[in-house]
A.B. asks: 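Before I ask anything, let me first share the structure, which is written out below as structure tokens.
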Amino acid sequence: MPEGETVGSPIQARALDAGIGAVVLVTTTAPLLSQERWWSAAAAVMAALPLAWRRRAPLGVLAVVAVATTCLVVADALPPLAYGCMVATYTVAAVSTRSRQAVALGAGVPLLAFSIAVPGASFDDAGYTVMAFVAAWALGAGTRARQAAEHERLRRLEGERLAALARERTRIARDVHDIVTHAVGLIVVQAEAGPVAARTDPVRADAIFDTIADTGREAIGQLRRALGTLRSGAETCEPAPGLGALPALVERTRRAGIDVTLAERGRPRPVSADAGLAVYRVAQEALANVVRHSHATTVRVELHWTDRELRLVVADDGRGGSAMGGGHGLAGMRERMSACGGTLRATGGERGFVVRAALPLG
């Protein structure tokens, strides 16, 4: 269906057009039933019947209907209004392209002037006829403008929906990356230490294997939550981790054999769930990189609350510049903080690596 006029399904549109054609046919031919001129009746039929195809060939329908209407004018058999020609005019203005509208105006205006001049219509009748056609064109143009605005609104909504889906996919990818890298890093370190401890310190070995199991279970739970949004009707999962989960995160890292301390300064203030999750994921990724790459023995995790921002610092005494390893970890941390309006800096030297994140408050 051409752009501009939309009426339900194509079948409904065709039924409507057929109905309009039938109504116009009755109103156009009824005054001619008492006349014996067959060609007037034929012209009346041609001025109405083509309207059943008005949306499929608007310019062609207007041409046929306009010629038939002019014949009725010459025969002095036109009803009070040229109903078929007005409907066809409305349709061209509503659904045709600009170039076809120009063709319709170029051919239609002289034909309208001829139809007014031949019967010698009075000034009032001529003005009435012209205004009727102007109104029909204006209604069609208004319909086209409304439909164009609706199409643009739907296009914007679709663009926003696709952008939201892309953002959600990116968020899920970041969550999965952070969860997997942190959990796998801890599990690998513990698994490497487990066999040695099993031969020399069975109690410590049991603790190591318990840590592996706990880390795996928590990773499964967080992955279930992160991927749950991909399934319609997914069951409600545990809330996303936030600032309150930092002590447990530090404790799991400590079980990997690294001396990790957590310190908090300033007066804590409420933060949004997204902001809390972002800070948690940054700390999680930074600690995972310490475990995997830095060969550090001590790590300092600090939360510093000020009136304007929350600052997170994760500093280790490892190998410095190589501590972040490869991959997308650092870029992902920056993206998380940027999404919440925050910033992230990572610096390293010969000894130690420091991740500093700042999140605005209020």
A.B. asks: Roughly how far, to the nearest 0.5 Å, is the CZ atom of Arg311 from the CG atom of Leu361?
C.D. replies: 10.5 Å
A.B. asks: Which heavy atom of Leu246 sits nearest to which heavy atom of Ala283, and what is that distance?
C.D. replies: CD2-CB, 3.8 Å
A.B. asks: Is the shortest side-chain heavy-atom distance between Trp305 and Arg265 below 4.5 Å?
C.D. replies: no
A.B. asks: Does Leu51 share a hydrophobic cluster with Trp53, counting links as ILVMFWY side-chain heavy atoms below 4.5 Å and allowing steps through other members?
C.D. replies: yes
A.B. asks: Judged by atom type as modelled, is there a donor-acceptor pair below 3.5 Å linking the side chain of Glu302 to the main-chain atoms of Ala263?
C.D. replies: no
A.B. asks: How long is the straight-line distance from CG of Leu243 back to OH of Tyr280, given to the nearest 0.5 Å?
C.D. replies: 11.0 Å
A.B. asks: Just so I know, are the side chains of Val301 and Val260 near enough to count as touching, which here means a heavy-atom distance under 4.5 Å?
C.D. replies: yes
A.B. asks: Can you give me the closest heavy-atom contact between Ala43 and Cys71, atom names plus distance?
C.D. replies: CB-CB, 4.2 Å
A.B. asks: Could you pull out all donor-acceptor pairs under 3.5 Å where a side-chain atom in residues 154-162 meets a protein atom, sequence neighbours excluded?
C.D. replies:
unit_1: Arg155; atom_1: NE; unit_2: Glu152; atom_2: OE1; d: 3.1
unit_1: Arg155; atom_1: NH2; unit_2: Glu152; atom_2: OE2; d: 2.6
unit_1: Glu158; atom_1: OE1; unit_2: Arg161; atom_2: NE; d: 3.1
unit_1: Glu158; atom_1: OE2; unit_2: Arg161; atom_2: NH2; d: 2.7

A.B. asks: If Ile, Leu, Val, Met, Phe, Trp and Tyr residues are connected whenever their side-chain heavy atoms lie under 4.5 Å apart, and connections chain through other members, are Met46 and Val67 in the same group?
C.D. replies: no
A.B. asks: How long is the span from the CD atom in Glu309 to the CG atom in Leu359, to the nearest 0.5 Å?
C.D. replies: 8.5 Å
A.B. asks: Applying the 4.5 Å side-chain criterion to the ILVMFWY set and letting contacts propagate, would Leu303 and Leu277 be lumped into a single cluster?
C.D. replies: no
A.B. asks: Step by step, work out the side chain to side chain contact (heavy atoms under 4.5 Å, CB included) result for Val180 and Leu223.
C.D. replies: CA-CA 8 Å; Val180 171; Leu223 285 173; 4.1 Å; yes
A.B. asks: In the hydrophobic clustering that connects Ile, Leu, Val, Met, Phe, Trp and Tyr at side-chain heavy-atom distances below 4.5 Å, which members other than Val313 occupy its cluster, ordered by chain and number?
C.D. replies: Val354
A.B. asks: State the CG-CZ distance between Leu312 and Arg356, to the nearest 0.5 angstrom.
C.D. replies: 11.0 Å
A.B. asks: Could you tell me which non-hydrogen atom of Ser96 sits nearest to which non-hydrogen atom of Pro58, and how far apart they are?
C.D. replies: OG-CG, 3.4 Å
A.B. asks: Any side-chain heavy atom of Arg54 within less than 4.5 Å of one from Val65?
C.D. replies: no
A.B. asks: Examine Val250 and Val282 and state if one hydrophobic cluster contains both, with Ile, Leu, Val, Met, Phe, Trp and Tyr joined whenever side-chain heavy atoms are less than 4.5 Å apart.
C.D. replies: yes
A.B. asks: If you take all heavy atoms of Ala47 and Ala68, which pair is closest and at what distance?
C.D. replies: N-CB, 3.6 Å
A.B. asks: Please identify each residue that fulfils side chain to side chain contact (heavy atoms under 4.5 Å, CB included) with Val45, with sequence neighbours left out.
C.D. replies: Leu25, Thr29, Leu49
A.B. asks: Closest approach of Val355 and Ala286, non-hydrogen atoms and distance?
C.D. replies: CG2-CB, 4.2 Å
A.B. asks: State, to 0.1 Å, how close Thr97 and Arg144 come at their nearest heavy-atom pair, and which atoms those are.
C.D. replies: CA-NH2, 4.3 Å
A.B. asks: Considering residues, nucleotides and ligands other than Arg269, do more than 12 of their heavy atoms fall under 6.0 Å from its CZ?
C.D. replies: yes
A.B. asks: So if you build clusters from Ile, Leu, Val, Met, Phe, Trp, Tyr with side-chain heavy-atom gaps below 4.5 Å, do Tyr83 and Val134 land together?
C.D. replies: yes
A.B. asks: Heavy-atom distance under 4.5 Å between the side chains of Val290 and Ile258, does that happen here?
C.D. replies: yes
A.B. asks: Are Val95 and Thr143 packed together at the side-chain level, in the sense that at least one heavy-atom pair is separated by less than 4.5 angstrom?
C.D. replies: no
A.B. asks: Please report the interatomic distance CZ(Arg254) to OG1(Thr261), rounded to the nearest 0.5 Å.
C.D. replies: 8.0 Å
A.B. asks: Rounded to the nearest 0.5 Å, what separates atom CE in Met333 from atom CG in Leu344?
C.D. replies: 5.5 Å
A.B. asks: Answer with yes or no whether the side chains of Gln284 and Arg281 bring together a donor and an acceptor at under 3.5 Å.
C.D. replies: yes
A.B. asks: Let's go through Val92 and Trp137 carefully: what are the C-alpha distance in whole Å and the side-chain angles of both, what is the deciding distance for side chain to side chain contact (heavy atoms under 4.5 Å, CB included) to 0.1 Å, and is it a yes or a no?
C.D. replies: CA-CA 8 Å; Val92 168; Trp137 187 275; 4.2 Å; yes
A.B. asks: Do Thr297 and Asp259 have side chains that approach each other closer than 4.5 Å (heavy atoms only, starting at C-beta)?
C.D. replies: no
